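What follows is one structure encoded as structure tokens, with my remarks underneath.
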Amino acid sequence: MHIVCIGGGPAGLYFALLLKKARPDHDITVLERNRAGETFGFGVVFSDETLSYLEENDGPTHERITRAFAHWDAIDVHYRGTCTRSGGHGFSGISRRVLLDILSERAEELGVKVVHETEVADVEALRKTCDLLVASDGLNSKTRATYADHFAPSLEKRKAKYIWLGTKQTFDAFTFLFEEAKEAGGALFQVHAYKFDADTSTFIVETDEESFAKAGLATMSEGEQVAFLEKLFAKHLGGHALLSNRSAWLNFHTLRCRNWSHENVVLVGDAVHTAHFSIGSGTKLAMEDAIALAGEMIRVKEKSEIASALARYERERRIIVEKTQAAAQDSLLFFEHTKRYTSFDPLAFTFRLLTRSKKIGYDNLALRDPGFVDRVTRSFEDGAPPAARDAERPVPPMFTPFSLRGTTLANRIVVSPMCMYSAHEGVPGEFHFVHYGSRATGGAGLVMTEMTCVAKDARITHGCAGLWNDEQEAAWKKIVDFVHRETHAKIGLQLGHAGRKGATKLMWEGMDEPLADGAWPLVSASALPYFPHSQVPKAMDRADMDRVVAEHVAAVLRGARAGFDLLELHMGHGYLLASFLSPLTNTRTDEYGGSLENRLRFPLEVFRAMREAWPNDKPMSARFSATDWAPKNQRGNDGDDAVVIARALKDAGCDVVDVSTGQTAAGARPPFYGRMYQAPFADQVRNEAHMPAITVGNISTADQANTLLAAGRADLIAIGRGHLRDPYFTFHAAEEYGYDGVFLPNPYGVVKPQKRPVS
């Protein structure tokens, strides 16, 4: 079989040598346009896990690579004049040129023809001469461009700018440097640096576009740029210069392709996908692509089997690559928004950096470097009341108390508001009594009610709970009294109005589907139905607004009499107040439409009226959708708008924001679902609007909760479905961590968690 690889990078060379080793009868050629020994960049990074893959697949290659490696175990973060170290991170660096030399020599030993200084002029003509054409020709792949209609690539240009440099200064750990150029208006620059041989290090400088402009780098020559960076990072360079190798300032591009193969052409490595360099996965992904593709091609006995082999390769690799790209996206977001965290102390900043990609969390770091996590935990614990602290061992972040006005929560776990659709005429019944009582008994610091409707025509469904009459108030008071009498939990009341999403079927009969009969009239910001077949709501006039404000205030007074500890206004998920906030649902031309300031006007009227009616010593929250997940061709609210909304709420007396996302418009969906997928928005709101934030969104473990808290991404962790599965989530987490301070009713004392001995 005749096989040609375009591009002599790690993917093409490693694929060629692995396949030739297993199938010496194949004729395999690698075409590389550069001269031998010529390459872009300096060093590349491998994790210990990746090294194990190399050893399994070709021992001689692994042996030569490891002989050339510079290995380290620690990560150093230089920030605000302090170096914070975390150990247990096994990585190795190697010169990119040396790596390519090793792969090329090994390939030629096995009989692969490696041809340098060869530019492929006509990809289609070449494809017709071989049985398989492997495109390993990088981000600017000519092969991918030739068949772009089929591969359907998408390139997402990222915000930060970076330049890939080197230096003879060597670092004994993977090193992150953060420095402000005070003479350039406080422009912030960061460095990813690591040693890749005995006397040379990679030195990648990255900065946001505003800092790049402030420093005037765009108008400098290459020499002036390097001189500027040498001066800025002089104290870290030890007198050494910065080295350039065809280096230029670039914006990273995240590449994804809808298809990875076309007829007898297949893409590998950076030709088909990229992952931001901050997680060191580019070369890893390329070589793992090579392993997977070679593994499939080894099994091919007839040319007719190639298409199936390529399909299997894509199926195997796509999910792994997409997971890596998701982690890389989270990582690059940290570096694009580093300014968000410059108020953090060095320890918290380092923890935020180390956990940026979600690949490493609180528990994993505790295994890698228990001393570091103990210091982080002690530092976090310093903000808790002295009575909550443990002299022997630090209290995990999720178990530390949190205060809002005159209310102190025993811990940071919140039972998220979840509609039960089980009330009769708005009255919570025995189901609700057991539901809320069991979750309060389970140890959570705060239990939130479902969205409780302020009027009969404010309901989502016939089964929604309400608070507009005496019977409902009495039923809620019974629940509140039980929670206060029998548990240490606080209980919060969420009030809301369904707006255009009202008069719908019960969730299990058809989520958001309009009632066939028995519907009630709806109101909204604008006369836009939720689905095309939904009821068209009335666009609210001033009289409607006055009535809705009065209904909210009346419900607040009932909630205060019932004894609730916290009050939350629901302004998200496409309900009435959300319909004012979002440009997707607000097409008004009066003072309540148009700009975000105008769209905020009525929700803030409602909030202020509620705050005035609610006891001053009790906290208030607001839940809103930080992004509408709007399609690219539509303008919806996003994270920057969420910061503006949060600041306005703060000025109106809001104590904490409950940051959710989406559900604004029927067609709007997040581009991805995953663990903690909404946390970035709480992070942005908390650290840009500078107010406490509750985060939600597929948080399912205590490790995730502790990670988000210790990283300063949220102050409280709201868990919904996890509490449906396990009302005793907090208690079970205490067992897991050996923490004996969690609440448990006296009758359950025989199973109270035992304090884990200090190691």
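Along the sequence shown, residues carry numbers from 1. Note that the structure is predicted; figures quoted are calculated from it, not measured.
The residues R64 and E109 are annotated as salt-bridged, a charged nitrogen and a carboxylate oxygen being separated by less than 4.0 angstrom. Salt-bridge annotation for R378 and D374: absent, with no side-chain N of the basic residue lying under 4.0 Å from a carboxylate O of the acidic one. A salt bridge is defined here as a Lys NZ or Arg NE, NH1 or NH2 lying under 4.0 Å from an Asp or Glu carboxylate O, and D369 with R85 fails to meet this definition. The residues K161 and E206 are annotated as not salt-bridged, no charged nitrogen and carboxylate oxygen being separated by less than 4.0 angstrom. A salt bridge is defined here as a Lys NZ or Arg NE, NH1 or NH2 lying under 4.0 Å from an Asp or Glu carboxylate O, and D208 with K159 fails to meet this definition. Between E296 and R312 there is a salt bridge, since at least one side-chain N of the basic residue sits less than 4.0 Å from a carboxylate O of the acidic one. Electrostatic pairing of R80 and D345 does not count as a salt bridge here, judged by no charged N lying under 4.0 Å from a carboxylate O. Ionic pairing of K113 and E108 is not present here: no N-O contact between side-chain nitrogen and carboxylate oxygen is shorter than 4.0 angstrom. Using a cutoff of 4.0 Å between basic side-chain nitrogens and carboxylate oxygens, D137 and K142 are not scored as salt-bridged.
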Going through the checks in order, is the side-chain hydrogen bond (donor to acceptor under 3.5 Å, both in side chains) test met by S211 and K339? CA-CA 10 Å; S211 293; K339 287 180 178 177; 3.3 Å; yes
For K21 and D58: C-alpha separation, side-chain torsions, deciding distance, then whether salt bridge (charged side-chain N to carboxylate O under 4.0 Å, His left out) applies. CA-CA 9 Å; K21 175 183 175 182; D58 186 53; 2.9 Å; yes
Does the pair D172 and K195 meet the rule for a salt bridge (charged side-chain N to carboxylate O under 4.0 Å, His left out), with working shown? CA-CA 7 Å; D172 62 355; K195 182 171 67 174; over 6 Å; no
Intermediate values then yes/no, side-chain hydrogen bond (donor to acceptor under 3.5 Å, both in side chains), S244 and E222: CA-CA 9 Å; S244 177; E222 180 183 349; 2.7 Å; yes
Please evaluate residues K301 and E305 with respect to the criterion salt bridge (charged side-chain N to carboxylate O under 4.0 Å, His left out), reporting the C-alpha separation (whole Å), side-chain torsions for both, the decisive distance (0.1 Å), and the verdict. CA-CA 7 Å; K301 293 182 171 53; E305 299 171 4; over 6 Å; no
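The number of heavy-atom neighbours closer than 6.0 Å to CD1 of I319, taken from other residues, nucleotides and ligands shown, is 12 or below. Counting heavy-atom neighbours within 6.0 Å of E56 CD, excluding the residue itself, gives a total above 12.
Ring-centre distance between F277 and Y162: below the 6.0 Å cut-off. Taking the six-membered ring for Trp and the full ring otherwise, the centers of H236 and F171 sit at least 6.0 Å from each other. Under the 6.0 Å cut-off for aromatic ring centres, Y341 and F334 qualify, their centroids lying closer than that. Note: F178 and F349 meet the aromatic proximity criterion, with ring centroids under 6.0 Å apart. Taking the ring centroids of Y362 and F380, they lie at or beyond the 6.0 Å cut-off. In this structure, the ring of W260 has its center less than 6.0 angstrom from the ring center of H273.
Here the NE2-CG distance, from H276 to L333, works out to 9.5 Å after rounding to the nearest 0.5 Å. Distance CG/D683 to CG/L708: 8.5 Å, rounded to 0.5 Å. One distance of note links CG of L165 with CD of Q225; it measures 9.5 Å at 0.5 Å rounding. Of the inter-residue distances, the one linking I360 atom CD1 with H89 atom NE2 reads 5.5 Å to the nearest 0.5 angstrom. Rounding to the nearest 0.5 angstrom, the gap separating the OG atom in S379 from the CZ atom in F351 is 11.5 Å. If you take CG on L293 and CD on E314, they are separated by 11.5 Å, rounding to the nearest 0.5 Å.
The shortest non-hydrogen separation linking S86 to F372 is OG-CD2, 4.0 Å.
In this structure a side-chain-to-backbone donor-acceptor pair under 3.5 Å is present from D197 to D199. T355 places no side-chain N or O within 3.5 Å of a backbone atom of G361 that could act as its donor or acceptor partner. One N or O on the side chain of H150 and one on the backbone of S261 form a donor-acceptor pair closer than 3.5 Å. The backbone N or O of E119 sits nowhere less than 3.5 Å from a side-chain atom of R33 that would complete a donor-acceptor pair. Of the possible polar contacts, none joining the T175 side chain to the Y194 backbone as a donor-acceptor pair under 3.5 Å is found. The closest donor-acceptor contact from the side chain of Y79 to the backbone of E179 lies at 3.5 Å or more, if one exists at all. Not one N or O on the side chain of D27 forms a donor-acceptor pair closer than 3.5 Å with the backbone of M1.
Considering L13, L17, V112 as possible partners of R106, the one that fulfils the side-chain contact (heavy atoms from CB on, under 4.5 Å) test is L17.
Within the 4.5 Å cutoff, the side chain of I3 has no heavy atoms near those of the C130 side chain. Here the side chains of R158 and T254 are in contact, with some heavy-atom distance below 4.5 Å. Counting heavy atoms from C-beta outward, T283 and L99 have side chains that approach closer than 4.5 Å. Two residues are said to be in side-chain contact when any heavy atoms from C-beta on lie closer than 4.5 Å; T274 and L285 fail this criterion.
Aromatic ring pairs are classed by plane angle as parallel below 30°, tilted from 30° to 60° and perpendicular above 60°; the pair W72 and F91 is parallel. Aromatic ring orientation, F233 versus F203: perpendicular (interplanar angle above 60°, classes split at 30° and 60°).
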